[in-house]
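Only one structure is covered here, and it is reproduced in the block below.
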There are 2 protein chains.
Amino acid sequence: MDDGTTSQRVTIRTVAQDAGVSVSAVSKVLRNAYGVSDELRKKVDSSISRLGYRPSMAARSMRGRTQTVGILLVEMENPFLPVIVSGIMNELSQANYKSMLAVGRADMMIETSLIDSMLDFRMDGIILVAPRLKGALLSKYAKQIPTVVVGHHEPGSTDFDTVNGNDVEAMRQIVRRVHRDGRRRIEMVSIDRSSNDSDVSYQREVGYTAEMMALGLTEHIRINRLSEQHKREAIAPLVARPDQPEAYICWSDLHGIDLVSQGRAKGWRIPSEIAVVGFDDSPAAALPQIDLASYNHDGARQGAEGTRLLLSRIHGRTDARHVLVDGKLIERSSLTA
Amino acid sequence: MDDGTTSQRVTIRTVAQDAGVSVSAVSKVLRNAYGVSDELRKKVDSSISRLGYRPSMAARSMRGRTQTVGILLVEMENPFLPVIVSGIMNELSQANYKSMLAVGRADMMIETSLIDSMLDFRMDGIILVAPRLKGALLSKYAKQIPTVVVGHHEPGSTDFDTVNGNDVEAMRQIVRRVHRDGRRRIEMVSIDRSSNDSDVSYQREVGYTAEMMALGLTEHIRINRLSEQHKREAIAPLVARPDQPEAYICWSDLHGIDLVSQGRAKGWRIPSEIAVVGFDDSPAAALPQIDLASYNHDGARQGAEGTRLLLSRIHGRTDARHVLVDGKLIERSSLTA
DNA sequence: CATGATCTGTATAAGGTTCTACGTATAACG
DNA sequence: CGTTATACGTAGAACCTTATACAGATCATG
C-alpha cells in the first residue's frame, strides 16, 4: 500500500504484491490453471476482492483468450432477431463468456467492416445472425476465426457451422394441419426470389410443394409471389381475386397480417371459409385484433444452439456442423374457430 | 517477405520493414502525429494497403484511445430502442468511431456487470440508453469514463450528460390538440408509479396536468393508473365504465392499443365520441387495423444528440449538459376523423 | 562561418496480461 | 537414506502499439 511502486491502477502486480506471491501465481489463479494450491488460491482471491481488481481485457487479448464472442446482427428492426440474441446471451453467460454486439444495416459493406472490427478486437469467435454476406466471403472470415452462422442457409459450407429453422419441415407441418380441417385448395404467398437472394424463401416453397404433393394435392399447388417492396398494395390483387382458395399460407407475418385485415374488411369469413397462416410469430400477429396463426421458429433455441456450436469450435472442433431447429405452429383464430 | 522474422500476423513491424522505415514512423502515420513528411506517409500508406495491415485494438487500447464507444441498451424487446441506437451509430460512424453494444435485461446487476465490462475493454466513453441504474451509481461510473445517459431523466447530475424526450411539452401539445376539437373531459391513462421508479411516467403526468390547468379544465383532470403487469385485463374496468370521457391520452401505446380495440368491440365511436392517443409511435400503432394516433419522440435524434455530447466530452468538456428533444404527434384515425 | 531553430525520423521504455520452461520443496518408494 | 516422481510456485519472454526523448539533417540568422 505504501511502498514505492504504488501507481494509480490496480493491476495483477498490485494483487501479487498484496497477496505476497508472484505475478504468475495470480495469473494462474485467474485462469484456474494447473498447479495452484487451495491455500494460494484463497490468498489471491481475497486480495483480488479486497483491492477490487479487474483484469485488463486489452492486455489479456494480446496474449490469450478474451472470453468474449462477437455477435453480428443484420439489423435491429426485425423483432425476430432480439429473440435469437437473447438465446445467445443466455447461453454465453452460463459459460462465463461475454459478448460484443454489432449491428449492420442490411448492408454488405458495413457487415464486412464490422467483422473486421471484431477481428481487431480479438474476439474468441463470432456468431453471425442472418448476415447478408455470401458463402465465399463468410468462408474467408471463418478461416481466421471460429464462426457460426444463424438464420442463413448455407449447409454446404465446410468452414463454419450453421443453425437454421427447419423451414421445410415447418411448411410441411402447416400444410398438414390446414389439410386436416378438410381444406384442399391451399395456396402459398411468397416473395419474389429475385429481390432476396437468400435461400430462406426457397426452402419454405420447397416444403409447401413437397407436402402438397405428398397429400395428393399437386393440382392445387399455387405460389403467389409478391415483390418485397410494396407489400400493402402488392397484396390487393390477391384479395380482389374472384376465385379464393380455402387457405393462404404466408411466407411471413407481414403478408398474413395484411391478408387477414384486408380480407376481413372485404367480408371473408375467417377461418370458416378461408384460413390464413403467417410465419415468424411476430408480436403484431398476437394482437387480439389480428390474431393470426403463425409458425414460431424458437429463435432463443436457435441462438442457444449456435452458441453451443461456437464454444465447441473455440475449444478445438474443426469439422462443420449444420443444425436445424424445429419450432411449432401457434394456432390462433385465423386458423382455428 | 522472405527474411528471417516472417511470422503469421502482419503487425506494425511488418509494415515498417516493408516500407523500409522505423516502427515509430509507421505509428506516427497511423495516428497522424506531428513530424512526418508527405513522402514518408506515402511510402507507409502504400505498404499498409499492400499488406492489408490492420492495427490491433488490443495493443492499441493498452496505451492510447480505442476509438470505440460502448452502448448499453436496457433491453431489446422495446421497439423504440433500436431507433435510438441507429441514431447513435449514424453519428458515430461519421466521426469515425466504432461501437460496442451490450444488452441488459432490465436488471441492475446485469447492467453494472456490463458497464464494468466496457471499462475493462477501455472504451473511450459510454452511452447508456434507458438504464435502470440510479443516479448515485451512474455518477460513480461517470467519474471513471465519459458518460451520456439517454432516456432517463436525471437533470440534476453534474457528472454526466443526459438526453431525453421533452415529455412535459409533448403531453401539453397532445392535450392542446385534443382540446382543439372541442373536447373537455380529457383523461390520462398512466402506470402505477410504484412499479417503475423512473421519472418518465411522472414527467408525462406533469405535462398533462399543467396543460389541463392552463386550459381551465382543472375539474376534468383525472389520471387512471394501471399496474404495469397485467395490462390487458387491467384496462377492462376502464372500458366497462358507464361514464366515458371524450378522450383518453395514454402513457404508452400498449394501453392505447388495448383501449381502441376493446373500445371498438364495445361499440365506442372512435374518434367522434371518444378519441384515443398513445405514446411512442410503435410499429403496432401504425397497423391499419389499429391506426392509433401517437406521439413520436424522434429516437434517432435523441441518439444523435447523445453521441455528439459524448464526443465533445471525450474531447475534454467536463461541465454537464442536459438536452431535451422535441418530437411530434402523429395523427391517425383514433384522433382524426 | 558559427550558432541556433526547425523539421524528420529513430530508439526504446512502458502498458498488463499469458504461458512456457524451469527450480524447489515435499512425498513416495525401494 | 538416496532416488525419483509429483505438486507448487516463479522468472521472464512474448504480445503490438503508443509516446517520450533524442539524434541528425536542413535551414535561417547574426
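Atom set for the values below is all heavy atoms of this structure, side chains included, hydrogens, waters and symmetry mates excluded. A note on names: the letters A, B, ... follow the listed sequences, proteins ahead of strands, and every chain is numbered from 1. Predicted model only: the values in this text are computed from it and were never measured.
Using a 4.0 Å heavy-atom cutoff across all strands shown, Ser37(A) reaches sugar-phosphate atoms only and no base atom.
Rounded to whole angstrom, the span from the CG atom of Asp124(A) across to the C1' atom of dT18(C) amounts to 13 Å. If you measure from atom CG of Leu30(B) to atom P of dC16(D), you get 15 Å, rounded to the nearest angstrom. Between Arg9(B) atom CZ and dC15(D) atom C1' there is a gap of 10 Å when expressed in whole angstrom units. Distance, Ile12(B) CD1 to dT12(C) C1': 14 Å, rounded to whole Å. At whole-Å resolution of the value, CZ in Arg122(A) and P in dT17(D) are 9 Å apart. Between the CE atom of Met62(A) and the C1' atom of dA13(D) there is a distance of 12 Å, rounded to whole Å. If you take OH of Tyr34(A) and C1' of dT20(C), they are 15 Å apart, rounded to a whole angstrom. When the P atom of dC8(D) is taken as reference, atom NZ of Lys43(A) falls 13 Å away, rounded to whole Å.
Phosphate proximity of dA19(D) to Ser27(B): absent, as no side-chain N or O sits under 4.0 Å from OP1 or OP2. Using a 4.0 Å cut-off, some side-chain N or O of Arg60(A) falls inside it from OP1 or OP2 of dT18(C).
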For nucleotides 10-12 of chain D, list the nitrogen or oxygen atoms of the protein found under 3.5 Å from its nitrogen or oxygen atoms, one pair per line.
residue, atom, partner, partner atom, Å
dT10(D), OP2, Ser22(A), N, 3.0
dT10(D), OP2, Ser22(A), OG, 2.8
dA11(D), N7, Ser24(A), OG, 2.9
dA11(D), N6, Ser24(A), OG, 3.4
dG12(D), O6, Ser24(A), OG, 3.3

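Glu75(A) places a side-chain N or O within 3.5 Å of a backbone atom of Asn78(A) that can act as its donor or acceptor partner. In this structure a side-chain-to-backbone donor-acceptor pair under 3.5 Å is present from Glu111(B) to Leu133(B). Side chain of Ser157(B) to main chain of Glu154(B): no donor-acceptor pair is present (N/O by atom type, distance under 3.5 Å, no hydrogens or angles).
Classification of Asp319(B) and Arg321(B) as a salt-bridged pair holds, one side-chain N sitting under 4.0 Å from a carboxylate O. Looking at Asp120(B) and Arg122(B), no side-chain N of the basic residue comes within less than 4.0 Å of a carboxylate O on the acidic one, giving no salt bridge. Note on Glu305(B) versus Arg301(B): salt bridge recorded, some NZ/NE/NH1/NH2 to OD/OE distance being below 4.0 Å. In summary, Arg54(A) and Asp116(B) engage in a salt bridge, as defined by a charged side-chain N under 4.0 Å from a carboxylate O. Here Lys140(B) does not pair with Asp159(B) in a salt bridge; the nearest charged N to carboxylate O distance is not below 4.0 Å. Taking the charged nitrogens against the carboxylate oxygens, Asp161(B) and Arg313(B) do have a contact shorter than 4.0 Å, which makes a salt bridge.
Rotation axes derived from the C1' atoms of the five outermost pairs at either end of the helix from dC1(C)-dG30(D) to dG30(C)-dC1(D) lie 50° apart, to the nearest 10°.
If you check dG16(C), dT17(D), dC8(D) against the side chain of Arg13(A), the one that comes closest is dG16(C).
The neighbour count for Asp38(B) CG, taken as heavy atoms of other residues, nucleotides or ligands under 6.0 Å away, does not exceed 12.
The base of dA14(D) sits with one of its N or O atoms less than 3.5 Å from a complementary donor or acceptor on the side chain of Arg63(A).
Here Leu101(A) contributes atom CG and Leu73(A) contributes atom CG; the two are 5.5 Å apart, rounded to the nearest 0.5 Å.
Of the residues in residues 44-56 of chain A, those placing a heavy atom less than 4.0 Å from an atom of DNA chain C are Tyr53(A), Arg54(A), Pro55(A), Ser56(A), in numerical order.
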| field | CA sep, side-chain torsions, deciding dist, call: Leu138(B), His152(B), side-chain contact (heavy atoms from CB on, under 4.5 Å) | value | CA-CA 11 Å; Leu138(B) 293 176; His152(B) 173 111; 4.1 Å; yes
